[in-house]
Undergrad: 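Quick one: structure below, then a few questions.
Computed from heavy atoms alone, side chains included, the values below leave out hydrogens, waters and symmetry copies. Order of listing sets the numbers, starting from 1, for every ligand and every atom in it. Quick note: residue numbers are just sequence positions, from 1. In this text the structure is predicted, and so the values were computed from the model without any measurement.
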Amino acid sequence: MLIKKPSDIKASQITDRAAYEQRRTFLKAAALAGVGAITSGPAAALVKPAGKGEAVSGIKDSGIGADLTPTEYEHVTGYNNFYEFGTGKSDPARNAHTLHTRPWTVVVDGECEVPGEIGIEDLLKSYTQEERIYRLRCVEAWSMVVPWVGFPLGDLLQRFKPTSQAKYVAFETLVDTEQMPGQKRAVLEWPYREGLRMDEAMHPLTLLATGLYGELLPNQNGAPLRLVVPWKYGFKSIKSIVRISFSRQIPETTWWKYAPKEYGFYSNVNPDVDHPRWSQARERYIGEGLFASKHPTLMFNGYGDQVASLYSGMDLRKFF
Ligand SMILES: Nc1nc2c(c(=O)[nH]1)N[C@H]1C(S)=C(S)[C@@H](COP(=O)(O)O)O[C@H]1N2
Ligand SMILES: [Mo]
C-alpha cells in the first residue's frame, strides 16, 4: 500500500533492494507513528485539491503526517519567500507568473557514473505513480503544515549512480532575469544555491516536491520542482531546480555564503542555537494570526526520531 512501483520502472533501477526494503519499513513505521505529530488535533481528511491548478492524478497517501492539519491553501501559496520574484512575502504570489515551467530540464552531474539530464515531463511521468502526499511541517520563524506531492530525492539520485566520491549534493535554481525579474537586483548572489550531505540527501524524508494540495506546484512555491527538507530551516528547501551536482567538497550555499555567522551549512532546526539577531526558540503558526501566542520550536522540527542519528557525535552548536 505504501510503496507501489510503476510497472515500467523496476525497483532495482531506482534503488537497490536493501534500500528499497529499508525505505518500505521506514514508511510503514512512520505512518504508524504519525511522524511529525505535535498536535493531537483531528485526523486530517485526505487532502482535497484546491481547484486552483492542474490536478495530479493517481497520487497516494504516504501516511506521513496524517495527523497534522494542513495550513490553508491561501497561506501556503500566498505567504512565500522566493527572492527571484521580490523580497516581500506576498511578492512571489503576485510576480511568479512570469516563470515558464515547460519545457524544463534538470541537469545531474558531478561525481556519478551516469551524468545526464531529465526533462520535467519525463520526470513527472516516471514518478506519477510513485508520488505521494506527505504532510510535513516547515519552519523558519513561522511555521506551516504543507501537504506536499512528491517523492524521495534519493529515488532520483540513485538513477545517476553516485560514486563513492560523492559526499555532498549541490542544487541550483534557474537564472533568467526575464523570467525572474528579482534577479536584476543583487539582493542575493544568483543562482540561488543549496546543498546537503549525501546521507541527508538520501534520507527518505528529503523530498523533491512537484505539487501541493493534490495539484502541480504553483510557481511561487518553486515550480516545477523544489526540495523539501522538513527538519531544516525553510531556506534549505531550494525552489525551481535546474541543476543537481554530486560533489566531493562541501558546496557553497546562498545564505551560508551571504552571512556565515548567521546561517550554517546544516541549518538544522535547533531551538538551542539562536540566530545572532533573533531567538529560534519559538515560532509563529501561520494561519493563527499575528497576535496569537507563539509555539516552542522543536529540535529537528519534531523529526528527531527520524533524523537525529545522522548527526550523532557532531557538535550541533559548531555545525549549525
Ligand atoms: N530559489 C529560491 N529558493 C528558495 C528561496 C528563494 O528565495 N529562492 N527562499 C527559501 C526560503 S528563505 C524559504 S523560507 C522557503 C519558502 O518556501 P515556501 O514559500 O514554499 O513556503 O523557500 C526557500 N527556497
Ligand atoms: Mo526563509
Undergrad: For atom 14 (S) of ligand 1, what is the closest protein heavy atom, and at what distance to 0.1 Å?
TA: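 Closest protein heavy atom to atom 14 (S) of ligand 1: Glu140 OE1, 3.2 Å.
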Undergrad: Any cation-pi pair here, Lys239 with Phe171, using under 6.0 Å and within 45°?
TA: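 Negative - Lys239 is either too far from the ring of Phe171 or too far off its axis.
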Undergrad: Heavy-atom contact under 4.0 Å between Glu194 and ligand 1?
TA: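 Contact absent.
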Undergrad: Does the Arg137 side chain pair with the main chain of Ser143, one donor and one acceptor, at a distance under 3.5 Å?
TA: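 No; judged by distance alone, with no hydrogens or angles, the pair does not exist.
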Undergrad: Measure the distances from the heavy atoms of Ser237 to every atom of ligand 1 and state whether one is below 4.0 angstrom.
TA: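 Ser237: in contact with ligand 1 (<4.0 Å).
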Undergrad: CD1/Ile244 to CG/Leu208 distance, rounded to the nearest 0.5 angstrom?
TA: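 Result: 5.5 Å between the selected atoms.
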Undergrad: For ligand 1, does Tyr192 get within less than 4.0 Å through its side chain, its backbone, both, or neither, judged by non-hydrogen atoms?
TA: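 Side chain only.
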Undergrad: Nearest to atom 3 (N) of ligand 1, what protein heavy atom do you find, and at what distance?
TA: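 Residue, atom and distance for the closest contact: Lys239 N, 3.1 Å.
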Undergrad: Supply the atom-to-atom distance Asn270 CG to Gln280 CD, rounded to the nearest 0.5 angstrom.
TA: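 The distance works out to 8.5 Å.
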Undergrad: Backbone, side chain, both or neither: what part of Arg226 comes under 4.0 angstrom of ligand 1, heavy atoms only?
TA: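 Side chain only; the backbone of Arg226 stays clear of ligand 1.
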Undergrad: Do Thr105 and Glu117 pair up side chain to side chain, a donor and an acceptor below 3.5 Å, judged on atom types alone?
TA: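 No, Glu117 and Thr105 have no side-chain donor paired with an acceptor closer than 3.5 Å.
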Undergrad: Quick one: which ligand 1 atoms are inside 4.0 Å of a heavy atom on Gly234?
TA: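 In order of numbering, the contacting atoms are 11 (C), 13 (C), 14 (S), 15 (C), 22 (O), 23 (C).
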Undergrad: Where's the contact between Glu84 and ligand 1, heavy-atom distance under 4.0 Å: side chain, backbone, both or neither?
TA: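 Contact part for Glu84 vs ligand 1: side chain (C-beta onward).
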Undergrad: Asn221 heavy atoms, cut-off 4.0 Å: which ligand 1 atoms fall inside?
TA: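 Counting atoms of ligand 1 from 1, those under 4.0 Å from Asn221 are 20 (O).
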Undergrad: Step by step, work out the salt bridge (Lys or Arg N to Asp or Glu O under 4.0 Å) result for Asp109 and Arg243.
TA: CA-CA 8 Å; Asp109 60 7; Arg243 187 167 176 201; 2.8 Å; yes
Undergrad: Considering non-hydrogen atoms of the protein only, which is the closest contact for atom 11 (C) of ligand 1, and what is the distance?
TA: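 Ranking protein heavy atoms by distance from atom 11 (C) of ligand 1, first comes Phe235 CA, 3.5 Å.
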Undergrad: Would you mind running through ligand 1 and noting each atom that sits below 4.0 Å from a heavy atom of Thr173?
TA: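 By the 4.0 Å cutoff, the relevant atoms are 1 (N).
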Undergrad: Applying the ring-ring contact (aromatic ring centres under 6.0 Å, His included) criterion to Tyr311, which one of Phe320, Phe319, Tyr303, Phe300 satisfies it?
TA: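 So, applying the ring-ring contact (aromatic ring centres under 6.0 Å, His included) to Tyr311 and each of Phe320, Phe319, Tyr303, Phe300, only Phe300 qualifies.
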Undergrad: Do Trp256 and Tyr266 have side-chain N/O donor and acceptor atoms under 3.5 Å apart?
TA: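 Per modelled atom types, Trp256 and Tyr266 side chains form no pair under 3.5 Å.
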Undergrad: Considering Thr87, Asn81, Thr254, Asn80, which one's heavy-atom position lies nearest to atom 12 (S) of ligand 1?
TA: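 Closest candidate by heavy-atom distance is Asn81.
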Undergrad: If we ignore angles and hydrogens, is there a donor and acceptor under 3.5 Å between the side chains of Gln183 and Thr177?
TA: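 Side chains of Gln183 and Thr177: no pair found under 3.5 Å.
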Undergrad: Among all the protein's non-hydrogen atoms, which is closest to atom 7 (O) of ligand 1, and how far away is it?
TA: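 Ranked first by proximity to atom 7 (O) of ligand 1 is Tyr83 N, 2.8 Å.
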